Asks: 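The structure under discussion is supplied below as structure tokens; questions concerning it will follow.
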Amino acid sequence: MTQPPRSAVGNGTGIAGSIAIASLIAWAMRTDMPIAMAALVITFGGALVMILWDVLVEKVHLRPSTGMDYSAPRDTREILPIVGVKVLGLYATLGLIALIYMIVPVYSDEKFDLYFLLSRFVMPMFLALAPLYIFLVTRYMVEPRDKLWHFGRLLTGGRAEVDPAQVKDHALGWAIKGFFLAFLGSIVVPVFGIVLIQDIESVTEGLGPFFLFVLKFILLFDVAVGGLGYLMTFRPLDSHIRSANPHLSAWVVALICYPPFVLMGKDGPLNYHEHTLNWSAWLEGMPTLLVVWGLALAALTFLYSWATVIFGIRFSNLTHRGIVTTGPYRYFKHPAYLAKNSFWWLMVMPFLTTADDPMIALRNCILLAAVNAVYYARARTEELHLMADPNYRAYSEWIAEHGLLPRLRRRLTGRGPRDDVQIPAE
């Protein structure tokens, strides 16, 4: 089979969202809108376009994977008790997350102020509309007693009816939301601000500043789409969390890549930046090599952002929200990890240092290799989770034969593709 298994999202969703985001970024750069407001407009403008594409073109709301059956609405009297339990479960979940935010010291840092300000503004509307949404969705669900219901039922004392696995998955899914939404909320203004307030003079004063701006501009697409992915977990849009990664090893290797657990920061044990300079500083005075190096960095940044954007509203860490086989995933199983780990070697150039001691360069290289190993572990633990889905197993077999790297290996070794790989379409 020369075509990959059916994807949870088509190329069109990512392309439409990218066009919308790029247009909104260009518009925001010409206005005096506050950075926080511009970031929201760009993010949710892109989300709206992707949702419209998903519904009108991809028709994701009609997929069996939504768990919805619009031809058989349930009787109101049947579902009201179920809805009540779900609403209780949702309110309790949000209350627990708010309590954690209050207790954990790191969330008192001012960098989270915008996130909590927006939360206080949005939460009353969310709490008011949530019961109606839960009612409408539950009415058409094939199995209305979902993870949220099991958690709510646990709170109401019906332990005999509760599935502990469902409660665990519910807790893990909301822990992922709570952690990564706060993290993204803390970086949105700095990341967007770098691009939106950039003046043309500083960008055009040299090749180094120009390429640096290009890299940051491309990265905005990743931040915009990645942030909204944690919000848009809606079953009717087939963007709900099918399952959270249940493996402790996956959580460990993922969380050490993000503050406050990050090990790669300037004070972390895997800091590989000691006595290093920016790539453009090393290549100053060599314009041809600087352009080639800058284009390589731009290509890797594009691949990284593309790997996020192609998910549309379905991106998030540590979750299964449908198997994506289009875009860069047609060529690489883990394009984002491949791109960012290659990017760091070219960007930081740890093999060059300003110190006289050559051992520092060797140490930096070893530490960056250790960081690469962390991301390899992330990839493997993600696969361990996704392999429970037969669609991912089919994709994994397909990419092992038809991915770009296997094809390059065959070209170098002269070995042809396996004839026994027969992957049925989903």
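Worth saying up front: this structure is predicted, and the values here are computed from it rather than measured.
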Asks: Rounded to the nearest 0.5 Å, what separation is found between the CG atom of L237 and the CD1 atom of I313?
Replies: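 Answer rounded to 0.5 Å: 4.5 Å.
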Asks: Got a sec, which pairs hit side-chain hydrogen bond (donor to acceptor under 3.5 Å, both in side chains) with one end in residues 283-307, sequence neighbours left out?
Replies: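 Those involving residues 283-307 do not exist here.
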Asks: Is the OH atom of Y331 crowded by more than 12 outside heavy atoms at less than 6.0 Å?
Replies: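 Open: at most 12 neighbouring heavy atoms sit under 6.0 Å from OH of Y331.
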Asks: Can you tell me if T319 uses its side chain to pair, donor with acceptor, with the backbone of R321 under 3.5 Å?
Replies: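 Answer holds: no.
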Asks: Can you give me the closest heavy-atom contact between V188 and A39, atom names plus distance?
Replies: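 For V188 and A39, the tightest heavy-atom pair comes out as CG2-CB, 3.6 Å.
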Asks: Of all the heavy-atom pairs spanning A36 and V189, show the shortest one and how long it is.
Replies: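 Taking A36 first and V189 second, the nearest heavy atoms are CB-CG2, 4.1 Å.
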Asks: Which residue pairs pass the side-chain hydrogen bond (donor to acceptor under 3.5 Å, both in side chains) test with at least one member in residues 162-185, sequence neighbours excluded?
Replies: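 Counting only pairs at least two positions apart or across chains, the side-chain hydrogen bond (donor to acceptor under 3.5 Å, both in side chains) contacts touching residues 162-185 are T93-H170, K147-D169, K177-T233.
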Asks: Identify, with sequence neighbours excluded, every residue that meets ring-ring contact (aromatic ring centres under 6.0 Å, His included) alongside F315.
Replies: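 Testing F315 for ring-ring contact (aromatic ring centres under 6.0 Å, His included), a comparison that skips the adjacent residues, returns F311.
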Asks: Nearest 0.5 angstrom please: E382 CD to H320 NE2, how far?
Replies: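 NE2 of H320 is found 12.5 Å from CD of E382.
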Asks: Take atom CD of E110 as the centre, draw a 6.0 Å sphere, and report whether it contains more than 12 heavy atoms from other residues, nucleotides or ligands.
Replies: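 Open: at most 12 neighbouring heavy atoms sit under 6.0 Å from CD of E110.
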Asks: For the side chain of Y272 and the backbone of I366, is there at least one donor-acceptor N/O pair under 3.5 Å apart?
Replies: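 No.
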Asks: According to side chain to side chain donor-acceptor pair (under 3.5 Å), who are the partners of R407, at least two apart in sequence or on a separate chain?
Replies: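 Partners of R407 under the side chain to side chain donor-acceptor pair (under 3.5 Å) test: none.
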Asks: Please report the shortest heavy-atom distance between G173 and A244, naming the atom on each side.
Replies: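 Nearest heavy atoms, G173 then A244: N-CB, 3.8 Å.
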Asks: Could you check whether any side-chain heavy atom of V9 comes within less than 4.5 Å of a side-chain heavy atom of E58, counting everything from C-beta outward?
Replies: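 When only atoms from C-beta onward are counted, E58 and V9 do not touch, as no gap falls below 4.5 Å.
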Asks: Look up atom CG in L196 and atom CG in L220, then write down how far apart they are to the nearest 0.5 Å.
Replies: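 One finds 6.5 Å between CG of L196 and CG of L220.
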Asks: By salt bridge (Lys or Arg N to Asp or Glu O under 4.0 Å), which residues pair with D222, not counting sequence neighbours?
Replies: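 Per chain and number, D222 pairs via salt bridge (Lys or Arg N to Asp or Glu O under 4.0 Å) with no residue.
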Asks: Not counting sequence neighbours, which residues clear ring-ring contact (aromatic ring centres under 6.0 Å, His included) with F180? List them please.
Replies: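 Y230, Y258.
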Asks: Could you note down all residue pairs passing side-chain hydrogen bond (donor to acceptor under 3.5 Å, both in side chains) where residues 365-374 supplies at least one of them, sequence neighbours left out?
Replies: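 Pairs touching residues 365-374 that pass the test: N341-N372, W345-N372.
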Asks: Roughly how far, to the nearest 0.5 Å, is CZ of R330 from CG of N11?
Replies: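 The CZ atom of R330 is 8.5 Å from CG of N11, to the nearest 0.5 Å.
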Asks: Taking the side chain as every heavy atom from C-beta outward, state whether V252 and L248 have any pair of such atoms under 4.5 Å apart.
Replies: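 The answer is yes; the side chains approach within 4.5 Å.
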Asks: Going through the distances and angles, do T308 and F221 end up as a side chain to side chain contact (heavy atoms under 4.5 Å, CB included)?
Replies: CA-CA 8 Å; T308 299; F221 291 76; over 6 Å; no
Asks: For Y329, is there any backbone N or O sitting under 3.5 Å from a side-chain donor or acceptor partner on Y395?
Replies: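 Side chain of Y395 to backbone of Y329, a donor-acceptor pair under 3.5 Å: yes, one is there.
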Asks: Checking Y101 now: which residues fulfil side chain to side chain donor-acceptor pair (under 3.5 Å) with it, not counting sequence neighbours?
Replies: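 Listed in chain order: Y115.
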Asks: Does T43 reach the main-chain N or O of L40 with its side chain, forming a donor-acceptor pair under 3.5 Å?
Replies: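 Looks like no, no N/O pair under 3.5 Å.
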Asks: Please check: side-chain N/O of K86 versus main-chain N/O of D146, any donor-acceptor pairing under 3.5 Å?
Replies: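 Checked: no pair found.
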Asks: For M387, does the CE atom sit with more than 12 other heavy atoms under 6.0 Å from it, leaving out its own atoms?
Replies: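 More than 12 heavy atoms, drawn from other residues, nucleotides or ligands, come within 6.0 Å of this atom.
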Asks: Identify, with sequence neighbours excluded, every residue that meets ring-ring contact (aromatic ring centres under 6.0 Å, His included) alongside F234.
Replies: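 With neighbours one apart ignored, the set is Y133.
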Asks: Measure the shortest side-chain to side-chain distance between M264 and V374 over non-hydrogen atoms and say whether it is less than 4.5 angstrom.
Replies: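 Yes, at least one pair of side-chain atoms sits under 4.5 Å.
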Asks: Rounded at 0.5 Å granularity, tell me how far CZ in F332 sits from CG in L404.
Replies: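 Result: 4.5 Å between the selected atoms.
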Asks: Apply side chain to side chain contact (heavy atoms under 4.5 Å, CB included) to residues L99 and I103 and explain how you reach the verdict.
Replies: CA-CA 6 Å; L99 183 62; I103 293 174; 3.7 Å; yes
Asks: Between R314 and V324, does a side chain to side chain contact (heavy atoms under 4.5 Å, CB included) hold up when you go through it step by step?
Replies: CA-CA 10 Å; R314 293 164 185 81; V324 177; 5.9 Å; no
Asks: Please name the residue in the list R378, K333, R393 that meets the salt bridge (charged side-chain N to carboxylate O under 4.0 Å, His left out) test with E383.
Replies: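 The salt bridge (charged side-chain N to carboxylate O under 4.0 Å, His left out) with E383 is passed solely by K333 among R378, K333, R393.
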Asks: Is the backbone of E274 close enough, under 3.5 Å, to the side chain of T353 for a donor and an acceptor to pair up by distance?
Replies: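 No; zero donor-acceptor contacts below 3.5 Å.
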Asks: Counting only heavy atoms not in F210, do more than 12 sit closer than 6.0 Å to its CZ atom?
Replies: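 Counting neighbours around CZ of F210, 12 or fewer heavy atoms of other residues, nucleotides or ligands fall under 6.0 Å, so no.
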Asks: Go through the steps to decide whether V371 and L367 satisfy the test side chain to side chain contact (heavy atoms under 4.5 Å, CB included), and finish with yes or no.
Replies: CA-CA 6 Å; V371 173; L367 290 174; 5.8 Å; no
Asks: List the residues meeting salt bridge (Lys or Arg N to Asp or Glu O under 4.0 Å) with R145, not counting sequence neighbours, and say none if there are none.
Replies: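 With neighbours one apart ignored, the set is empty.
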Asks: Check whether any side-chain N or O of T325 sits under 3.5 Å from a backbone N or O of P5 as a donor-acceptor pair, and report yes or no.
Replies: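 Checked: pair present.
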Asks: Once rounded to the nearest 0.5 Å, what's the spacing between atom CG of N391 and atom OG of S396?
Replies: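 Result: 12.5 Å between the selected atoms.
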Asks: State, yes or no, whether a side-chain contact exists between F151 and L90 at a heavy-atom distance under 4.5 Å.
Replies: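 No, every pair of side-chain atoms sits at 4.5 Å or beyond.
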Asks: Does atom CG (D356) have a neighbourhood of more than 12 heavy atoms from anything else shown, all under 6.0 Å?
Replies: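 Counting neighbours around CG of D356, 12 or fewer heavy atoms of other residues, nucleotides or ligands fall under 6.0 Å, so no.
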Asks: Measure across T138 and P144 and return the closest heavy-atom pair with its distance rounded to 0.1 Å.
Replies: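 Nearest pair, atom of T138 first, then P144: CG2-CB, 3.7 Å.
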Asks: Measuring only between side-chain heavy atoms, which start at C-beta, is V195 closer than 4.5 Å to F213?
Replies: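 The answer is yes; the side chains approach within 4.5 Å.
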Asks: Going by heavy atoms in the side chains, are V348 and L368 under 4.5 Å from each other?
Replies: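 Of all side-chain heavy-atom pairs linking L368 with V348, none is under 4.5 Å.
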Asks: Crowded around M359 CE? As in, over 12 foreign heavy atoms under 6.0 Å?
Replies: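 Not more than 12 within 6.0 Å, no.
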Asks: Determine whether M141 and W149 make a side-chain contact, defined as any pair of heavy atoms from C-beta on separated by less than 4.5 Å.
Replies: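 Of all side-chain heavy-atom pairs linking W149 with M141, none is under 4.5 Å.
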Asks: Test your reading of the model: is there a side-chain donor-acceptor pair from W251 to the backbone of L318, 3.5 Å cut-off?
Replies: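 Absent.
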Asks: Tell me the closest heavy-atom pair linking V253 and C257, and the distance in Å.
Replies: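 Looking at all heavy atoms of both residues, the shortest contact is O-SG, 3.3 Å.
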Asks: Would you mind reporting whether L148 and I134 have side-chain heavy atoms less than 4.5 Å apart?
Replies: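 Counting from C-beta outward, I134 and L148 do come under 4.5 Å.
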Asks: Please identify each residue that fulfils salt bridge (Lys or Arg N to Asp or Glu O under 4.0 Å) with D238, with sequence neighbours left out.
Replies: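 For D238 the salt bridge (Lys or Arg N to Asp or Glu O under 4.0 Å) partners, ignoring immediate neighbours, are R63, R242.
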Asks: Residues in side chain to side chain donor-acceptor pair (under 3.5 Å) with S243, at least two apart?
Replies: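 Checked S243 against side chain to side chain donor-acceptor pair (under 3.5 Å); matches are H385.
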Asks: Locate the shortest heavy-atom distance separating V309 from S18; write the atom from each residue and the value.
Replies: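 Where V309 meets S18 most closely, the heavy atoms are CG1-OG, 3.1 Å.
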